[in-house]
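What follows is a set of notes on a single structure, which appears directly below.
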Amino acid sequence: MTELIIYPSIDLFVYQLATGLGDDPEKSKANQEKFLANFSNCADKDIADLKTAIEQSDRQSSNRVVTPFLKQKYISLGETEKSAANGEPVDGYYYPVSLLEESYGLIFAVSVEAADKMTPQPVSCFQKPLKPLLDKKTGNLGKTCILYGYLPPGEDAATVATEIYKEFMGIEPPLSWQSQQPHQGNANKGMFLGGEIFAAWEPPRNWETLPEYRGLYIILYPNPEPTLQVLQAASKLYDIWLQLFWFQNKIIWAYDNSRQLKIKLEADFISIRETFAAIQQIDTENGNLDLGSLQKLVKNKSKTIASYAANLSLMEIQSQTLAINLHNWKICRSQLQAEAQKLGTTDLSFLDQFSLVVENQYIQQLEKDADIFKPGLQALENLINPLSSIVELTQAERDRHLEKLIAAVGIGVGSAGTVASGSASSIEKLTEPIFTQTQYPAVAKPVYTAVCVLLLSYVIGRIAGYLVWRTWGILTRNTTQW
């Protein structure tokens, strides 16, 4: 049996971070371009108007949480997208907004627009033609999807919802919508404006690969009506849905960031053991220190400390982000419940499963991670500080040794030069009798004199250098005291 649905529609909620912590103007500009890429199939004039509105809004402040960028608020579905439906009668619109000027938000709404809106459609229409229209709609904070329509008389809501999920996602739903209790994840069903709402949300099993949709909801309204009054009533709550899913996506996004930070912290933590091994190989007693290797070790571990401290701080920031956004999420959830009850029978208590997961798993996990990694930072610092002291002392000792050597050599050379310049004539006079009484070649006398001068200079220079070398410590202490 083919399940049917009347006026099948999809509302896609897309969120893009406009300006993140520490983002420079270039990064903010790149975020803006990514958001505008969601409108690539729209008319050029609509894209130009939206870009201008976004640039102007970035220079203005607003106390409203949800602020539409455009005066007309909506942008019609592009002809390119309509033609991509392969002749199927589809229509829709874009609703781009600013969310506290921190994020960009978008509702992309599409539906099957048959000549007779009350004609039942097969649930396969959610796969084609509607789902392809959602392609290339992306945001770094994630996406949430609501699939909805009227339930034909005689159809079972749970059965139709299950078939819709299978058609749209291509897999079996991760839960049993027949039960009022969560099953295989955090999901359940409730009532919204008299219709049954089914939610599919569960923590990602692999945080390296997040699901395409951070949340998926199916609403099936009873009593099909040509005037679509209940859908018009539901549209009045779009701004609240926008806020609710925004906070929900930011929570998942922040927790995902914390998992990435944990991987980096674990990698840096390994360096603690490496540092222990490096210290054990240092021969401090015999003074056989490889200063170059020691300096390299200190430099690398200093970088590790800086990276470790920065990532630990970012993890604590993500923990605060979770707490703040969960608080705001609860406010929106209560507001949505209150406003929806004014328009029809509503019970959204199933949404509280999300807050329970955040409180009992996400926040507690981040607090536990921070408690585990904080001692690691102290351990790294306690290891690197002694190493830095060893390097400084060793370098200072080598500098003093070099100064001592330079002074000894300098005084020795100076003494030798003084002796050489002053002794040449004396040696020449002393050797004069030898060369007058004996017949020697003319060149013998200057060579002999030069050799004697060099030997005497060398001996005197070595003696002067040796005396300076042995008395250097006394000389430097006396100079310092003076």
Side-chain angles (χ1 to χ4, degrees), residues 15-31 34 99-104 139-142 203-204 206-210 214 246-276 278-279 296-330 354-355 357-389 391:
Y15 302 95
Q16 171 73 40
L17 191 66
T19 303
L21 182 64
D23 283 352
D24 55 25
E26 291 186 2
K27 179 62 176 178
S28 298
K29 184 69 174 178
N31 289 336
K34 289 180 180 178
L99 297 163
L100 285 181
E101 300 198 4
E102 171 195 323
S103 303
Y104 300 123
N140 57 9
L141 290 181
N206 180 4
W207 282 98
E208 294 180 0
T209 305
L210 292 177
R214 305 284 173 85
W246 177 41
F247 295 128
Q248 183 167 314
N249 277 262
K250 283 170 62 178
I251 288 171
I252 299 175
W253 171 79
Y255 189 70
D256 172 51
N257 285 342
S258 75
R259 298 307 86 198
Q260 303 302 321
L261 291 170
K262 183 179 180 181
I263 294 174
K264 296 177 181 179
L265 286 168
E266 288 173 341
D268 288 339
F269 197 80
I270 294 175
S271 67
I272 294 177
R273 287 177 290 182
E274 295 175 350
T275 305
F276 272 122
I279 290 177
K296 183 178 180 180
L297 178 64
V298 171
K299 182 179 180 180
N300 290 338
K301 298 313 173 186
S302 297
K303 291 181 179 180
T304 300
I305 289 178
S307 172
Y308 194 96
N311 289 331
L312 185 58
S313 297
L314 288 173
M315 177 173 281
E316 293 176 337
I317 291 174
Q318 300 304 336
S319 181
Q320 296 174 5
T321 300
L322 287 184
I324 293 172
N325 284 283
L326 180 60
H327 172 75
N328 293 331
W329 183 92
K330 289 181 177 180
F354 175 79
S355 65
V357 170
V358 177
E359 289 175 335
N360 299 331
Q361 295 184 27
Y362 291 7
I363 293 179
Q364 290 188 19
Q365 183 64 53
L366 259 67
E367 292 175 351
K368 180 181 178 182
D369 290 341
D371 291 340
I372 290 174
F373 287 115
K374 280 180 181 178
L377 178 61
Q378 186 63 46
L380 278 172
E381 292 175 343
N382 291 341
L383 286 171
I384 203 65
N385 290 338
L387 283 179
S388 299
S389 299
V391 170

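Quick caveat, the model's predicted, so the values are computed rather than measured.
Taking CG from Asp256 and CG from Asn249, the interatomic distance works out to 11.5 Å, rounded to the nearest 0.5 Å. Here the straight-line distance linking atom CD1 of Ile317 with atom CG of Leu312 works out to 10.5 Å at 0.5 Å rounding.
Between Tyr362 and Tyr255, the ring-plane angle classifies as parallel under the 30° and 60° cut-offs.
Of all the heavy atoms in Ser307 and Asp268, the pair that sits closest is OG-OD2, 3.1 Å. Between Ser103 and Leu17 the shortest heavy-atom distance is OG-CD1, 3.9 Å. Across Ile251 and Val358, no two heavy atoms sit closer than the pair CG2-CG2, 3.7 Å. Considering every non-hydrogen atom in both Thr321 and Ala254, the closest pair reads CG2-CB, 3.8 Å. Taking all atoms of both residues into account, the shortest heavy-atom contact from Ser28 to Thr19 is OG-OG1, 3.4 Å. Considering all non-hydrogen atoms of both residues, Asn140 and Trp253 come closest at O-CD1, 3.5 Å.
Judged by distance alone, the side chains of Lys250 and Asn325 do bring a donor and an acceptor atom under 3.5 Å apart.
The side-chain heavy atoms of Tyr15 and Gln248, taken from C-beta on, include no pair separated by under 4.5 Å. Side-chain contact between Lys374 and Glu316 is present, with heavy atoms from C-beta onward closer than 4.5 Å. For the pair Phe373 and Lys262, the minimum side-chain heavy-atom distance is below 4.5 Å.
Residues satisfying the salt bridge (charged side-chain N to carboxylate O under 4.0 Å, His left out) criterion with Glu359, sequence neighbours excluded, are Lys330. Taking the side chain to side chain donor-acceptor pair (under 3.5 Å) definition, one finds that Gln318 meets it with nothing, sequence neighbours left out.
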Review point. What's the verdict on side chain to side chain contact (heavy atoms under 4.5 Å, CB included) for Asn311 and Met315, showing C-alpha distance, side-chain angles and the deciding distance?
Key: CA-CA 6 Å; Asn311 289 331; Met315 177 173 281; over 6 Å; no
Point to revise | Residue pair Arg259, Leu366: steps toward the side chain to side chain contact (heavy atoms under 4.5 Å, CB included) verdict | key: CA-CA 9 Å; Arg259 298 307 86 198; Leu366 259 67; 3.4 Å; yes
Review point. Are Leu141 and Tyr104 close enough, and set up right, to give a side chain to side chain contact (heavy atoms under 4.5 Å, CB included), and what steps lead you there?
Key: CA-CA 10 Å; Leu141 290 181; Tyr104 300 123; over 6 Å; no
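Checked against the 6.0 Å centroid criterion, the rings of Trp329 and Phe354 qualify as a close aromatic pair.
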